[in-house]
**Q** 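This is the structure I want to talk about, given as structure tokens.
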Amino acid sequence: MTECTLCGLPTPDSPHAADDVEGAFCCRGCLEVARTLDGAPAEADPDALDDGPAVEEADGERAYLDVSGMHCATCESFLEATATDATGVRAAEASYTSGMMCVVYDDEVTDEGAVADDVSDYGYEAAPTGNEADGDDQEAVGRLLVGGFFGMMVMAWYVLFLYPVYLGVAPDSLLVDLDGPAGGFLLANVWAMATVVLGYTGAPLLRGAAVSLRVREPNMDLLVAVAAVTAYTYSTLAMTLGHTDLYFDVAVVVVLAVTVGDYYRDRVRRRATGRLSEAAEERVDTARRRTPEGTESVSRDAVAGGDELVVRGGERVPVDGTVAEGTAAVDESLVTGESLPVSKEPGDEVVGGATVTDGGLVVRADPDPTSTADRLVETLWAVQSGSPGAQRLVDRIAAAFVPLVFVLAVGTTAVHLALGAAPTAALLTGLTVLVVSCPCALGLATPMAVAAGIRDALAAGVVITDSSALETAPEVETVAFDKTGTLTTGAMTVREVVGDEETLALAAAVEQFATHPVAEAIVAAGTLPDDPVTDFETHPGRGVEATVGDRTVLVGDAALFDERDWPVPEDVALAYEDAPADAVPSYVGWDGRVRGAVVVGDEVRDDWAAVVDDLAADRRVVVITGDDRAAARRFETHSNVDEVFAGVPPEAKAAVVDRLAADGPVAMVGDGSNDAPALAAADLGIAMERGTRLAVDAADVVVTRDSLAPLPAAFATTEGTRRRVRENLGWAFLYNAVALPLAVLGVLNPLVAAVAMATSSLLVVLNSTRPVDG
């Protein structure tokens with residue numbers, strides 16, 4: 001037995017083949033695909049497959065904690081080590097970008113409150129999501145207010161008394177003689193106020209520096225802290241020895257500049273990553289399960305498939321399921337992004353995490369009880385805590401950059417001393433190198449831009465499930481669409497009825513006992529008669545039959561009626577034969593003759609043509625379908641559809657994507673389980689959220705609205721995010737390339753260096769806050 005050259009399935013005894021195509025094929029669709037795409041399939045890149053983070057592999061209860069006090073990747077390492085040392089914790093991952101931590105633990109040994117207490121050490125404060133954000137912000141504001149007040153007082157004394165002396169003004173012309181008792185009192189006040197600024201306002205910086213030493217990972221906080229502490233220590237010692245050349249101003253300005261920048265950065269970060277925190281806060285931990293005796297409260301994890309869960313007005317649906325009883329308006333905005341509540345009634349599907357806004361529902365849990373909201377949280381976490389390629393490069397640079405700066409600062413001080421500079425001047429030059437070279441902008445460049453991109457994608461109705469999509473999507477050269485359920489709605493509707501209302505009513509009466517999509521469409525469109533329906537019978541592949549009242553009614557294809565030799569009116573036969581290729585016509589007859597016909601078909605999405613036109617401006621657009629070419633004709637005739645691959649069996653879709661990839665990166669858009677292999681094979685898999693779980697799990701991007709409209713926005717957002725990352729990195733490298741040599745040469749002083757460093761970081765943050773417009 002031979003295998004199909006394209007998809008690998010067994011070929012029939014007489015394989016499909018052609019002189020202009022090399023190989024043997026299982027079907028005509030595979031042959032046509034091979035003829036169109038003449039070339040070897042692209043091989044998978046083994047480097048593209050890597051192990052996920054530990055929290056994705058660990059078994060146990062998952063908790064998300066808000067953590068205050070994180071400043072950089074070093075904080076992440078420290079918190080992860082602290083958490084995994086705690087009893088009952090199986091895995092932990094911290095994310096400085098989101099200000100959160102994900103912990104997997106054994107719920108028989110510990111709980112999320114105890115885990116939060118274990119992590120709250122060394123100045124970090126952790127709590128279940130939603131409990132600490134406001135307190136953290138208020139503490140930061142308090143530190144800024146205290147530091148700002150005492151910092152201004154320090155600078156006021158410098159402007160009035162110390163700077164004039166440094167500039168050559170005669171001490172006896174000032175109101176206070178710095179060498180006398182009054183001057184000593186003034187300097188003591190400056191020392192005390194600078195101590196408050198460094199010790200209280202600068203406490204997070206000092207903690208970050210200490211943590212970096214503890215985990216042996218030098219970081220940005222260490223650079224800033226060393227500069228500020230060195231200036232403070234030198235000035236304290238000089239003041240004790242009676243000198244007036246003091247640099248408390250340097251310590252104060254460094255601490256305040258960095259603290260203001262950190263505060264603003266954290267506010268921006270919270271806005272950019274707010275969807276993750278919001279979703280994590282609204283996870284449902286308990287459910288109200290209905291029993292013969294009443295209701296009982298159980299853990300969400302104890303819910304089994306088929307359990308009936310009572311959800312009252314104002315409560316969230318614990319898991320995905322189907323409405324068993326009740327009618328209510330349900331707000332699904334957390335999951336879908338749609339702001340208007342949707343009415344739900346028995347038989348409708350509801351997603352875990354949605355809110356019942358009025359009334360109440362009894363929800364029957366799906367066979368595998370999970371929550372769409374939980375999957376959204378896990379997806380957002382995986383993306384926002386992941387490291388795109390650009391960020392991994394930056395991390396490697398920063399790891400080598402910080403030790404290099406310390407060596408450079410010490411070397412600069414030594415060289416200036418060797419060249420005859422005064423010890424104080426040489427020390428200040430070394431301090432300037434430390435301050436100006438702090439790579440805050442470099443560290444912020446990628447995570448801030450990525451967080452903003454994810455935020456804008458969510459607002460547009462797109463969830464990015466793999467951070468690599470931010471780098472892959474802008475490179476896509478071909479967008480391949482599945483047809484059914486993607487370019488079309490996937491829902492069968494009645495397009496045409498030949499006959500009167502009785503024709504449709506009797507057809508619905510018989511089809512109500514069938515289980516295929518055509519039957520569902522007919523039942524939905526018709527009004528069931530009052531007559532009883534008996535003797536229902538299925539004729540596989542041809543139609544159905546039943547007795548309605550005292551009439552024998554048949555609904556099906558022409559073969560079923562030919563077998564009974566029932567006559568067909570000419571107008572009905574014409575409508576049946578002229579039905580579109582992508583529709584399913586059925587005759588309806590009773591009392592020994594055909595009385596009418598019903599044509600059912602899958603409707604195209606209203607926005608498909610506009611979306612194709614938008615995407616085709618920069619990319620090639622193709623359609624892949626298992627239907628024959630006649631059924632796909634409306635897409636083939638569109639001017640911006642470059643190719644239609646018709647008659648492609650599900651197993652061959654991935655092979656088609658591989659062939660397309662030989663000409664450049666491919667994005668595959670699909671919704672069904674049979675699209676999952678193609679979604680996984682594509683450089684960028686895009687799934688419709690209303691599609692099957694298998695398709696969604698295989699995708700890199702999920703469209704959360706029942707529309708194709710978000711697709712152009714998804715590509716525009718990823719392109720804009722990549723551009724923003726490059727802009728940020730370009731500015732960060734340019735700043736260091738210019739400022740560092742100036743500091744080494746002694747052109748800058750520590751005050752100017754501190755302001756320049758803070759300004760550079762703020763520019764990166766401001767650039768990242770702008771909406772990504774593609």
Side-chain angles (χ1 to χ4, degrees), residues 48 335-337 372 375-376 379-380 382-383 453-454 456-490 605 607-608 610-625 635 641-642 645 650 653-654 656-658 660-661 664-722 772 774:
V335 176
T336 66
T372 297
R375 293 195 298 277
L376 174 62
T379 293
L380 292 177
V383 176
I454 293 170
D456 291 349
L458 284 169
V462 174
V463 175
I464 298 173
T465 64
D466 186 339
S467 59
S468 65
L470 293 168
E471 298 171 349
T472 303
E475 303 294 336
V476 166
E477 296 181 10
T478 301
V479 180
F481 284 95
D482 166 58
K483 183 179 80 71
T484 305
T486 304
L487 291 174
T488 66
T489 62
R605 294 186 185 273
D607 53 7
W608 81 271
V611 170
V612 166
D613 291 342
D614 194 320
L615 295 177
D618 302 303
R619 303 165 188 86
R620 183 176 177 229
V621 176
V622 304
V623 176
I624 304 174
T625 177
F635 305 110
V641 174
D642 295 276
F645 300 103
K653 286 186 177 182
V656 174
V657 169
D658 283 340
L660 289 169
V666 176
M668 174 69 192
V669 188
D671 76 307
S673 295
N674 60 3
D675 297 323
L679 291 170
D683 298 279
L684 181 71
I686 303 175
M688 308 298 290
E689 193 272 338
R690 299 293 185 184
T692 65
R693 180 75 51 79
L694 192 59
V696 171
D697 289 345
D700 306 301
V701 174
V702 177
V703 178
T704 62
R705 298 174 185 170
D706 193 19
S707 168
L708 292 172
L711 279 180
F715 282 100
T717 297
T718 56
E719 290 169 1
T721 299
R722 184 177 67 168
V772 176

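These numbers were taken from a predicted model, which means no experiment stands behind them.
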**Q** State the CG-CD1 distance between Asp482 and Ile624, to the nearest 0.5 angstrom.
**A** 8.0 Å

**Q** How about Val479 and Val612: do any of their side-chain heavy atoms sit closer than 4.5 Å?
**A** no

**Q** Can you name the side chain to side chain donor-acceptor pair (under 3.5 Å) partners of Glu475, sequence neighbours left out?
**A** Arg722

**Q** Closer than 3.5 angstrom, by distance alone: can the side chain of Asp683 be matched with the main-chain N or O of Val666 as a donor-acceptor pair?
**A** yes

**Q** Holding to side chain to side chain contact (heavy atoms under 4.5 Å, CB included), I want the full list of residues that pass it with Ala610, two or more places apart in sequence or in another chain.
**A** none

**Q** Quick one, Thr488 and Phe635 - any side-chain contact, counting heavy atoms below 4.5 Å?
**A** yes

**Q** At their closest point, which heavy atom of Ala714 faces which heavy atom of Val462, and how far apart are they?
**A** CB-CG2, 3.8 Å

**Q** Specify the closest pair of heavy atoms between Gly664 and Glu477, including all atoms of both residues, with the distance to one decimal.
**A** CA-OE1, 3.7 Å

**Q** How long is the gap from CZ on Arg620 to CG on Leu615, to the nearest 0.5 Å?
**A** 14.5 Å

**Q** Measure the shortest side-chain to side-chain distance between Val701 and Leu711 over non-hydrogen atoms and say whether it is less than 4.5 angstrom.
**A** no

**Q** Heavy atoms only: give me the nearest Val657-Ala682 pair and the separation to one decimal.
**A** CG1-CA, 3.6 Å

**Q** Could you go through Leu708 and Leu487, starting from their C-alpha distance and side-chain angles, then the distance that decides it, and tell me whether this counts as side-chain contact (heavy atoms from CB on, under 4.5 Å)?
**A** CA-CA 8 Å; Leu708 292 172; Leu487 291 174; 4.0 Å; yes

**Q** What closest approach, in Å, do Met688 and Ser707 show between heavy atoms, and which atom pair accounts for it?
**A** CE-O, 3.4 Å

**Q** Heavy atoms, side chains only, cut-off 4.5 Å: are Trp608 and Val623 in contact?
**A** no

**Q** Which heavy atom in Leu660 sits nearest to a heavy atom in Ala480, and how many Å separate them?
**A** CD1-CB, 4.3 Å

**Q** Contact between Arg605 and Val611 at the side-chain level, heavy atoms closer than 4.5 Å - yes or no?
**A** no

**Q** Specify the closest pair of heavy atoms between Val703 and Ile686, including all atoms of both residues, with the distance to one decimal.
**A** CG2-CG2, 4.0 Å

